[in-house]
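There's a structure below that I have some questions on.
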Amino acid sequence: MPKLVRLYITSVCIGFAIAAVFVVLLLGFDVAGIGHLILGSSIGPLAAAMLVVFNGIVFSGVQFAIAVARMAKRDDPPPRRGRLIPAPVVAGGGNRSSRGGVNFPRA
């Protein structure tokens with residue numbers, strides 16, 4: 001099996017495991033009353049399964065993106081920081097009405 005496919009499957013498994021833990025904590029702590037709503041309803045298991053699936057899709061995508069981003073190799077050395085040159089300050093720059101005939105709106 002190619003390494004990228006294995007990485008994707010691993011990321012999906014980790015993402016869905018995190019989603020399952022997230023939904024259990026969400027229902028256990030009864031955030032915004034959602035635990036009471038789901039556990040007190042006749043179609044609560046369907047709602048919980050939908051929460052796990054949809055959060056699993058999101059968390060799997062994030063997990064895969066993080067894994068791919070961590071694979072990057074830094075080829076170029078970091079840029080050297082030179083001496084900072086201060087920008088010149090022009091006196092009287094606060095008057096907006098005298099900028100070449102352009103009338104800027106006042107904040």
Side-chain angles (χ1 to χ4, degrees):
M1 182 180 326
K3 288 183 181 181
L4 191 61
V5 173
R6 187 179 322 196
L7 176 70
Y8 181 72
I9 292 171
T10 304
S11 297
V12 168
C13 292
I14 291 171
F16 272 91
I18 292 171
V21 170
F22 176 74
V23 170
V24 166
L25 291 174
L26 191 71
L27 297 178
F29 285 117
D30 196 22
V31 177
I34 196 164
H36 178 71
L37 268 167
I38 289 178
L39 297 175
S41 175
S42 63
I43 57 170
L46 176 64
M50 288 175 64
L51 275 172
V52 171
V53 168
F54 293 137
N55 282 310
I57 292 169
V58 172
F59 292 160
S60 296
V62 170
Q63 181 68 29
F64 185 64
I66 290 171
V68 168
R70 291 180 68 200
M71 289 172 49
K73 295 180 183 175
R74 188 171 194 118
D75 295 333
D76 300 329
R80 289 184 49 189
R81 293 265 175 158
R83 203 180 88 195
L84 295 177
I85 301 171
V89 177
V90 179
N95 189 359
R96 292 182 177 207
S97 62
S98 64
R99 293 190 180 181
V102 179
N103 190 8
F104 291 105
R106 300 211 182 265

* Would Val5 and Phe64 show up in the same hydrophobic cluster when neighbours are defined by side-chain heavy atoms closer than 4.5 Å? ->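 No; Phe64 is not reachable from Val5 via cluster members.
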
* Consider only side-chain heavy atoms of I, L, V, M, F, W and Y, link residues closer than 4.5 Å, and tell whether Met71 and Tyr8 are in one cluster. =>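 Met71 clusters together with Tyr8.
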
* Mind checking ring pair (Phe, Tyr, Trp, His ring centres under 6.0 Å) for Phe16 and listing every partner two or more places apart, or none if nothing turns up? =>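 In terms of ring pair (Phe, Tyr, Trp, His ring centres under 6.0 Å), with neighbours along the sequence ignored, Phe16 is linked to no residue.
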
* Minimum heavy-atom separation for Arg6 to Met1, with atom names? ->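 The answer is NH2-O, 3.2 Å.
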
* Interatomic spacing from CD1 in Ile9 to CG in Leu4 - rounded to 0.5 Å ->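 The CG atom of Leu4 is 10.0 Å from CD1 of Ile9, to the nearest 0.5 Å.
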
* Asked: Going through the checks in order, is the side-chain contact (heavy atoms from CB on, under 4.5 Å) test met by Leu7 and Thr10?
  -> CA-CA 5 Å; Leu7 176 70; Thr10 304; 5.5 Å; no

Side-chain donor/acceptor pairs under 3.5 Å, residues 17-26, sequence neighbours excluded:
none

Anything under 3.5 Å between a donor and an acceptor, one on a side chain of residues 40-63, the other on a protein residue two or more places apart or in another chain? List them.
from, atom 1, to, atom 2, distance (Å)
Ser41, OG, Ile43, N, 3.3
Asn55, ND2, Leu51, O, 3.0
Ser60, OG, Val12, O, 3.3
Ser60, OG, Gly56, O, 2.6

